[in-house]
Participant: 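Pasting a structure here, questions to come.
Throughout, protein chains are lettered first and strands after them, A, B, ... in sequence-line order, and every chain is numbered starting at 1. Values below: all heavy atoms of this structure, side chains included; hydrogens, waters and symmetry mates excluded.
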2 protein chains.
Amino acid sequence: MARTRAHNYEDQKESILVGAADMFARKGYLGTSMNDVAEACALSKGSLYHYYRDKDELLISIAENHVTRLVTLVRSVEQDETIPARDRLQVLITRFLIEYSDAQNSHRVLTEDVKYLPEAARQRILDQERVVVKGFADAIAVLRPDVKAAELHKAVAMLLFGMLNWLFTWLRPDGSLTHATIAPLVCELFFNGLGGMREMSKKPKPKSLSATRVKA
Amino acid sequence: MARTRAHNYEDQKESILVGAADMFARKGYLGTSMNDVAEACALSKGSLYHYYRDKDELLISIAENHVTRLVTLVRSVEQDETIPARDRLQVLITRFLIEYSDAQNSHRVLTEDVKYLPEAARQRILDQERVVVKGFADAIAVLRPDVKAAELHKAVAMLLFGMLNWLFTWLRPDGSLTHATIAPLVCELFFNGLGGMREMSKKPKPKSLSATRVKA
DNA sequence: CCTACCGATCGGTAGG
DNA sequence: CCTACCGATCGGTAGG
């Protein structure tokens, strides 16, 4: 009899992405074979190719899903009228850090492996990344209206992304510092600088104002 | 008759490293074949193997030469008694940025490709990187003696390295912003934070590093 | 004739 | 310093 597409087809497809992102994050895109991915997913390579046309499509799916989430996150903050414009940057930082810790592998793949994609697919993802950067640059512009050059807002945004994206290289998942505890430190440093930093104590206290509505 | 080693043997060896670093930086270590390196150096693959035992040895040489320079740079600042302790961090940042712009390819290889090295070689390089981080953490500790936890000094140092190392991903070599013009911006942001930032792109103002602790 | 998946192997190319 | 290759493994696909 005619069989319909397995009811768990989409689930399977999604779970392959999780396994692939884990392998790519650990061994790099080029350092991971399709056999590695298949093994990580407890699938034969043949089955793997049933769900994804080729290796690039795996990478594209991982990167695009993730960057789309980031764009959505930026938009949701921009459109949330309960967030004062001058609080947007802090909210963005905190929410990004939460998103990062939930999607460590995807984010690592996005920042490290997208360069191996064919030009067309790469540009599509880069365009989305530019939207994210623009969102941060705009939030920075609100705080520094005295700075006219949009290029400088973007430069400051990129310095911020440097701090955030570099976390992956040194923040041990099992260490005493976590994405959650580092968020106040990043905000403190970024907003007030080293000179203005208050006691960087063990207990990163839940921040008073806008950070509390971050969970929402 | 017995031939002596070519008089330009060392020069050739060094120039291969330049070509290899360029290729590794552009296409990644795994994305670069030994044929690619040979071609970039205008050498046959056979000749290449005359100078370096294997691909790993190329990567090790590039990374080790570079990280050794960074360690030397840290030591020279620490031992320079004409530099007041509280100025060390700013001097370190500025000198690192100069070094980075002179060795962009090597630095990119150091931050992106060392993970593909066998454990022993990798650890050797990581140990040197830790010395560099320690140097920055110590310079930060001078500015914030009120912070007792050495772990936090290192965390702040790593946030700083994030800003610096991430520059490679977005600072176009031919853009209007350069490593030299970005240095004051980084210092300004890092020392005074966004709130304290003045007209960006102008001369960095003398640091007011009051250890005044504001309690939340 | 469909989807789901297997064991086996394709043509090319990697490092050496 | 080059050409000619090797063992292995790559990403991707065949028949059933």
Participant: I'd like to know if A/K55 reaches the base of D/dG12 with its side chain such that a donor and an acceptor end up less than 3.5 angstrom apart.
Facilitator: no
Participant: More 5' along DNA chain D: A/G46 or A/N35, using each one's nearest nucleotide?
Facilitator: A/N35
Participant: Output the rounded distance in Å from CD (A/E10) to P (C/dA4).
Facilitator: 10 Å
Participant: Out of D/dG11, C/dG15, C/dA4, which nucleotide sits closest to the side chain of B/K45?
Facilitator: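 Closest nucleotide among those given: C/dG15.
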Participant: Any chance you could lay out the side-chain hydrogen bond (donor to acceptor under 3.5 Å, both in side chains) test for B/D36 and B/S33, step after step, and finish with the verdict?
Facilitator: CA-CA 5 Å; B/D36 290 335; B/S33 71; 3.3 Å; yes
Participant: Any chance CD of A/E39 has more than 12 other-residue heavy atoms, nucleotides or ligands included, within less than 6.0 Å?
Facilitator: no
Participant: Could you tell me whether B/E119 and B/R122 have a side-chain N and a carboxylate O separated by less than 4.0 Å?
Facilitator: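 Counted as a salt bridge, because a side-chain N and a carboxylate O are separated by less than 4.0 Å.
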Participant: Look at the side-chain N and O atoms of A/H50 and state whether any lies under 4.0 Å from the OP1 or OP2 oxygen of C/dA4.
Facilitator: yes
Participant: Evaluate the side chain to side chain contact (heavy atoms under 4.5 Å, CB included) criterion for residues A/L70 and A/H107: first the C-alpha distance (whole Å), next the side-chain angles of each, then the deciding distance (0.1 Å), finally the verdict.
Facilitator: CA-CA 10 Å; A/L70 297 182; A/H107 195 67; 4.3 Å; yes
Participant: For the pair made of CG in A/L30 and C1' in C/dG15, what is the distance, rounded to whole Å?
Facilitator: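 Distance, rounded to whole Å: 15 Å.
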Participant: Take atom CG of A/L117 and atom P of D/dG11, then tell me their distance rounded to the nearest Å.
Facilitator: 15 Å
Participant: Is the shortest side-chain N/O distance from B/Y49 to OP1 or OP2 of C/dG15 below 4.0 Å?
Facilitator: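 It does not, given that no N or O in the side chain of B/Y49 lies less than 4.0 Å from OP1 or OP2 of C/dG15.
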Participant: Give B/S44 one of three labels, base, sugar-phosphate or nothing, depending on what nucleic acid heavy atoms sit under 4.0 Å from its own.
Facilitator: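 Base contact - B/S44 has a heavy atom under 4.0 Å of at least one base atom.
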Participant: Please report, rounded to the nearest Å, how far the P atom of D/dC10 is from the CD atom of A/E39.
Facilitator: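 From A/E39 CD to D/dC10 P: 11 Å.
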Participant: Find the distance A/Y51:OH to D/dG12:C1' and express it as a whole number of Å.
Facilitator: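 Spelled out: OH on A/Y51 to C1' on D/dG12 is 18 Å.
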Participant: Calculate the interatomic distance between B/D36 atom CG and C/dT13 atom C1'; express it in whole Å.
Facilitator: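 To the nearest whole Å, that distance equals 12 Å.
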Participant: Nearest whole angstrom, please: distance from the P of C/dC6 to the CG of A/L48.
Facilitator: 11 Å
Participant: Determine: side-chain N/O of B/S47 to OP1/OP2 of D/dC2, distance under 4.0 Å, yes or no.
Facilitator: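 Yes, B/S47 has a side-chain N/O under 4.0 Å of OP1/OP2 on D/dC2.
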Participant: According to the salt bridge (Lys or Arg N to Asp or Glu O under 4.0 Å) rule, which pairs have a member within residues 61-76 of chain B, sequence neighbours left out?
Facilitator: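 Only B/E64-B/R124, B/R69-B/E99 qualify under salt bridge (Lys or Arg N to Asp or Glu O under 4.0 Å).
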Participant: Starting at atom CG of B/L43, determine the distance to atom P of D/dT3, rounded to an integer number of angstrom.
Facilitator: 12 Å
Participant: Counting the atoms with a prime plus P, OP1 and OP2 as sugar-phosphate, which does B/D54 contact under 4.0 Å by heavy atoms, base, sugar-phosphate, or nothing?
Facilitator: sugar-phosphate
